[in-house]
Amino acid sequence: MITFAPLAATLHRKQISKTELQKGIKTSSATIAKISKDEYVSMKILDDICNYLGCEITEVISHVKEKDSH
């Protein structure tokens, strides 16, 4: 599973709100809502976030191994 938990920490560290991020990358509130729910967004959005924040992808998303259902 992909999580946006690192993004929350990065935004907090840089003192940037989700609203500022939304405006900075020129995206919709629906996209920010998807991010808040750890839902999929396009690679373009991830690239835009990294460029806007001046950070690496690992400061935006991380992979969490899901428990085996078997």
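Worth knowing before you read on, the calculation uses all heavy atoms, side chains too, and leaves out hydrogens, waters and symmetry mates.
- When all heavy atoms are compared, the tightest approach of Lys34 to Tyr40 is CD-O, 3.7 Å.
- With contacts defined as side-chain heavy-atom distances shorter than 4.5 Å, the pair Thr10/Leu53 qualifies.
- Lys23 meets the side chain to side chain contact (heavy atoms under 4.5 Å, CB included) test with Thr19; sequence neighbours excluded.
- When side chains are defined from C-beta on, Ile57 does not count as touching Ile49, because their heavy atoms never get closer than 4.5 Å.
- Looking at heavy atoms from C-beta onward, Ile61 lies in side-chain contact with Leu46 at the 4.5 angstrom threshold.
- Applying the side chain to side chain contact (heavy atoms under 4.5 Å, CB included) rule to Asp38 yields the partners Thr3, Phe4; only residues at least two apart in sequence or on another chain are considered.
- In this structure the side chain of Cys55 reaches within 4.5 angstrom of the side chain of Val60, judged on heavy atoms.
- Remark: Glu39 pairs with no residue by the side chain to side chain donor-acceptor pair (under 3.5 Å) rule, at least two apart or across chains.
- With hydrogens and angles disregarded, no donor-acceptor distance shorter than 3.5 Å links the side chain of Asp47 to the backbone of Met43.
- The salt bridge (Lys or Arg N to Asp or Glu O under 4.0 Å) pairs that include a residue from residues 52-65 are Arg13-Glu59, where partners are two or more places apart or lie in different chains.
- Sorted pairs that involve residues 1-11 and meet salt bridge (Lys or Arg N to Asp or Glu O under 4.0 Å), not counting sequence neighbours, are lacking altogether.
- The neighbour count for His12 NE2, taken as heavy atoms of other residues, nucleotides or ligands under 6.0 Å away, does not exceed 12.
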N/O donor-acceptor pairs under 3.5 Å from side chains in residues 24-32, not counting sequence neighbours:
unit_1	atom_1	unit_2	atom_2	d
Thr27	OG1	Thr31	OG1	3.3
Ser28	OG	Ala30	N	3.4
Ser28	OG	Thr31	N	3.2
Ser28	OG	Thr31	OG1	3.2

